Asks: 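One structure coming up, written as structure tokens, with questions to follow.
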2 protein chains.
Amino acid sequence: MNLSIDTNIDSRTMKDYVYQVLKRNIMELRLKPGSPLKKEKISRQLQVSVTPVREAFAKLAEDDLVDILPQNGTFVSHINIDKIIQAQFMRENMELAVIKLACEMDFPKDRLFKLQTIVKMQEILAEEENLIQLFELDNQFHRIVFETCNKKYVWEILQQVSTHIDRIRVLSLTTYFNRKEIIADHQKIIDAIKDKNLELAERVVKEHTNRIKYDIEKMKEKYSDYFD
Amino acid sequence: MNLSIDTNIDSRTMKDYVYQVLKRNIMELRLKPGSPLKKEKISRQLQVSVTPVREAFAKLAEDDLVDILPQNGTFVSHINIDKIIQAQFMRENMELAVIKLACEMDFPKDRLFKLQTIVKMQEILAEEENLIQLFELDNQFHRIVFETCNKKYVWEILQQVSTHIDRIRVLSLTTYFNRKEIIADHQKIIDAIKDKNLELAERVVKEHTNRIKYDIEKMKEKYSDYFD
DNA sequence: GTTATTATATTAACATACTAATATAAAAAA
DNA sequence: TTTTTTATATTAGTATGTTAATATAATAAC
């Protein structure tokens, strides 16, 4: 229940600040699914009034990260396996659609170089066991592909639905993480884009998402009380 | 600027009520892009305090339907053509993915019948020029397909993204609407699912979305000041 | 002991009041 | 006349207080 409070978040408003602190703590499972969130307590901890806390709750409810029960309380939501499956379905299909564009278009050399740099960095971080950074770079890799195909907004929406998946991925970081495979996947995606090899790209994307599905199953067994 | 106020909205909270009223008025372009939204005025019109109005504004901002400029004002957002294109990209690809599932699975007979009923109703409504209802049934048709494939959550996310597209579609209702083609498309989709004819389904879905793209171009010319 | 009723505490939703930031208009300086 | 400065109005963000609904605990009835 002890929040990790990061004062150096660049948030325009207090509401935004509270939202980001709570979201991070929920995503990193410092706040466990099912546990209650007390407005007054958080307002004391973060040194703000209850109004921005209340508004942050509302935004978290939009993300399905908390459940607000009127006149009762606000609770960290349980991880919903069906939502994860559907989020994964969206993710996989949109990833495939974008990779198709990437293979068809004239993918800029400097963007390919950027992707290559990320993979190199990931290889180093994997040695260092810096898993959080590895996770960040994984997202960055895919984001660059989406942005280069002029699908930045699509990426943003996928990020929103990915909150469900990401809670699992954070879990799997602490226990098991198929690092080498994921990094190898990224290398293959770069090669596929470079060679305009759509078939390879599609196969890799499918394998890539299958790995995540495997993680989900593993985590579901291990932390069954976090699910509903 | 005169709001259409529907008191018969089933909303749990005042915030929700205000949100729905404003959303509908923005979507139906009763509230024009760029026009300011005054908290006090709306709170008077809807007989609530400013707090739920303020919270409704925040939710509309999440949907990109309003722009909140701090200490300045809240304005109905302009229609962003790039967001529409990307929303359409998501819609088309997810529609394709789901239709693929529909063709592969054992699509229940009663659901097919439901879809068939909708098409029949649409044919009647097209004669009656009841365009709003036609628009509603169009959404319902696709929703049933998604839900039957266990992709209800995907549909909900797409609905959120579709707000941008829908403002256009409402516009095109009032001016031009390729009704017969859309109804015919739906009939073809039913046939494709029934016959498990994936190729036909994919061709129709692509044509279906292309019609909307055509509408977008038309509306962009006609109402250029609504765009940014 | 078990069920039904009442009382209490807690809470989200809402109302109202205040503050600081921004834009616009008015006034002053060039 | 044009530019700069100052004053005013408006507004989002925030704080605090109030209300009504819900759950839990305590009591009463069976």
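Note that the coordinates shown come from a computational prediction; the quantities given were computed from them, not determined experimentally. Numbers restart at 1 for each chain; the letters A, B, ... are given by sequence-line order, proteins then strands.
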Asks: Could you tell me how far apart A/Glu55 (CD) and D/dA15 (C1') are, to the nearest whole angstrom?
Replies: 12 Å
Asks: Please indicate whether B/Met27 has more than 12 foreign heavy atoms, meaning atoms of other residues, nucleotides or ligands, lying under 6.0 Å from its CE.
Replies: yes
Asks: C/dC14, OP1 or OP2 - any side-chain N/O from B/Thr51 closer than 4.0 Å?
Replies: no
Asks: Regarding A/Val48, tell me which of base, sugar-phosphate or nothing describes its non-hydrogen contacts under 4.0 Å with the strands shown.
Replies: sugar-phosphate
Asks: What is the distance, rounded to the nearest whole Å, between atom OH of A/Tyr17 and atom P of D/dA15?
Replies: 12 Å
Asks: Less than 4.0 angstrom from a charged side-chain N to a carboxylate O is my criterion; do A/Glu92 and A/Lys213 meet it?
Replies: yes
Asks: Quick one: A/Lys59 NZ to C/dA12 P, roughly how many Å, whole number?
Replies: 19 Å
Asks: Whether the B/Thr51 and A/Arg54 side chains hold a donor-acceptor pair (N or O, under 3.5 Å, no angle test) is what I'd like checked.
Replies: no
Asks: Does anything in residues 76-91 of chain B pair up under salt bridge (charged side-chain N to carboxylate O under 4.0 Å, His left out), and if so which pairs, sequence neighbours excluded?
Replies: B/Asp64-B/Lys83, B/Arg91-B/Glu95
Asks: Are there over 12 heavy-atom neighbours, none belonging to B/Lys32, within less than 6.0 Å of that residue's NZ?
Replies: yes
Asks: Looking only at side-chain N and O atoms, does A/Gln160 offer a donor or acceptor that is under 3.5 Å from a partner on B/Gln160?
Replies: yes
Asks: Within the sub-3.5 Å range, which N or O atoms of nucleotides 5-12 of chain D have a protein N or O partner, and how far apart are they?
Replies:
unit_1, atom_1, unit_2, atom_2, d
D/dT11, OP1, B/Lys38, NZ, 2.6
D/dA12, OP1, B/Thr74, N, 3.2
D/dA12, OP1, B/Thr74, OG1, 3.0
D/dA12, OP2, B/Lys39, NZ, 2.7
D/dA12, O4', B/Gln71, N, 3.0
D/dA12, N3, B/Gln71, NE2, 2.9

Asks: Whole-Å distance between C/dA20 P and A/Met14 CE?
Replies: 13 Å
Asks: Calculate the interatomic distance between A/Phe75 atom CZ and C/dT11 atom P; express it in whole Å.
Replies: 9 Å
Asks: Tell me what B/Thr13 touches on the nucleic acid: a base, only sugar-phosphate, or nothing, going by heavy atoms under 4.0 Å.
Replies: sugar-phosphate
